[in-house]
Every structure is written in C-alpha cells, then in structure tokens.
Amino acid sequence: MSVAELLGHASSTLAVTSDSAHADAQILLAHVLQRDRAWLIAHSEEPVSPERMAEFEALAKRRSSGEPIAYILGWAGFYGRVFAVNNAVLIPRPETELLVDEALEFLRARGKEHPHALDIGTGSGAVACTLAAEVATVQVDATDASARALDVAEINADRIGVAQRCRFLHGDLAEPVRGRRYDVIVANLPYVPTADIPPRPDPVSFEPRSALDGGPDGLDLYRRHAPDLMALLAPNAIALLEAGPDNIDALAAIIAHAVPDAHIELQRDYSNLPRYIRVQA
Ligand code: GLN
C-alpha cells in the first residue's frame, strides 16, 4: 500500500474514537517511518513495506482503543521541550504553561542568587524541569508519591540537562521537604472529581488515576496539603496551584483559610478558563 492509501484506510478506522483521526494517522506513520509529516505529504505515492505497515497498524490499533498519542510515541511537548512520558505520569497539558510563565516571571524578578522552587506532585517533571531549564540559578525540589513517576521525571531532567539542579523526592505531597522554605511553590495535584473521570475509550482514562482523582469534589489532596503550605513559603514567596474551572473557587477558599492574610488571585489559562490560584504569603 502507498502512504496515501495507508493513511486513508487508517483515518477511517481511527475516526471511530478520535476526532483528529487524520492527524493521528499521520503522526503515527511519520513515527514508524522516522520521517516528518511534510515528508508524508510529499511522498504520498511511496509504497510502505509490509514490516512498516504491520508496525503502523499495531500503533493505530492502540490509538483506536483510545490510548493517547503521547503514550504511544513515548513523549509529549511542553513549553517548547520534549518530555518522556509513559502511563505512570499525567501527560503535560498546555493549560499548565501559563502557570509556568508566572513562576518564571516571579523567579526572575525575585533577583535572588539561588532561588528555591518546589513542585509538589511532579509527575513527568515537566514543570520542575522547565523551571530549572529556564532559570539557570534556580534549585528545584520535586516530590511525588509514585516511584514510577519519579523515574520518568529523572530521565527528563537528565535529557534536558538540569539534573544537577533538580532533586526528586519520593513521598506524600510535601512530606519529604518538611522544614524547608521556598520562593516559589507550584502544584498540579490531582483535582478531577472522582465522578468526572471519563471511562474508556476516553484518552484521559488511560492516565494514572492517582494523578487525576481528587475525591468527591476533586480537592481532597489540596485539602490535605493546605495546612503545610504556609510553613513552606519563604517571606514574600508565592504558590501557584492548579485546579479545574469548577473547583478553583473552592480551592481558593481552602487556601485562604489555611494561609490567613495571603493575597489570593485567580488566574486564567489559554482558553480563558480560571485554572490556577496565585497565593502570595
Ligand atoms: N487537567 C487535567 C484534566 O482535566 C487534570 C489534571 C489534574 O488532575 N491535575 O484531565
């Protein structure tokens, strides 16, 4: 079969579960042939060998079962870099990039020689590694309750060349860093209400429940973390905490109670949805 025939065939199969079927087929075939999508378009008549076809069909089958492209490829883009991902970690989302922007702006303006940042529930390490990569003086501590997630985060820190300034610590929430203080704290803890986690074949259903499920209202982990937050913040430090548009107000109320006198602002994501709070101690 030619490139074009194979793509046409796969797109119609993929369309059952994916609303980006044609693009998915192109990405997967480009991956198998180790070319880019432009090459596929320029070589639509080129025959594909039976071996490559079989490889491609196996990947297309995974995608048509709903598995996210990022897990199939083993990587996802975040803040202009490539991060290794597997099913032990949440796939980094573009809506988290504005939180990173704000953390970077604050770190740069802080003007400290060696600012310290903390990422609680780091997952793939996308946020922690980005902070370290963008601000050459920052030291980042990153925690996660999942040892498998931390393996992925360490691979990413190595590949991005920031392993020297990132410490990955295994444990519940901020438990591994008790007694320390930070200039910037970021957290994208699981915040999806249990009942809102979609079933198969939704791609989100392939992500670790432990990275998504925040209990009945989505805020169980933030509620558990809130009493520790104040002691972790250095004077005039900030915390940036991501949640969903439906529970961000409730998160702000939890934090206002736990960190009295904090100045709390709701911030929006690229889709103009309220997505994270900025807490200034
Ligand atoms: N933004 C993710 C989603 O909506 C949830 C991430 C999280 O729970 N921290 O699927």
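Order of appearance sets the numbers: ligands from 1, and atoms from 1 within every ligand.
- Of the heavy atoms in Glu95, only side-chain atoms (C-beta onward) come closer than 4.0 Å to ligand 1.
- On a distance-only criterion, Asn188 and ligand 1 share at least one N/O pair closer than 3.5 Å.
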Could you go through Leu33 and Glu46, starting from their C-alpha distance and side-chain angles, then the distance that decides it, and tell me whether this counts as side chain to side chain contact (heavy atoms under 4.5 Å, CB included)? CA-CA 12 Å; Leu33 299 179; Glu46 191 112 340; over 6 Å; no
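- Proximity of Leu273 to Arg268: side-chain heavy atoms (C-beta onward) are nowhere separated by under 4.5 Å.
- When each atom of ligand 1 is checked for a heavy atom of Val192 under 4.0 Å away, the hits are 5 (C), 8 (O).
- No side-chain N or O of Arg165 forms a donor-acceptor pair with one of Gln139 less than 3.5 Å apart.
- Take Arg148 and apply the side-chain contact (heavy atoms from CB on, under 4.5 Å) test, not counting sequence neighbours, and it matches Asn86, Asn87, Ala88, Ser146.
- Each of the atoms 5 (C), 8 (O), 10 (O) of ligand 1 lies under 4.0 Å from some heavy atom of Leu212.
- In summary, the atoms of ligand 1 found under 4.0 Å from a heavy atom of Ala211, numbered by their order in the structure, are 7 (C), 8 (O), 9 (N).
- In this structure the side chain of Leu118 never reaches within 4.5 angstrom of the side chain of Asp183, judged on heavy atoms.
- In summary, the atoms of ligand 1 found under 4.0 Å from a heavy atom of Leu189, numbered by their order in the structure, are 7 (C), 8 (O), 9 (N).
- Using a 4.0 Å cut-off to heavy atoms of Arg93, the atoms of ligand 1 that qualify are 1 (N), 2 (C), 3 (C), 10 (O).
- With hydrogens and angles disregarded, a donor-acceptor distance shorter than 3.5 Å links the side chain of Asp144 to the backbone of Gly123.
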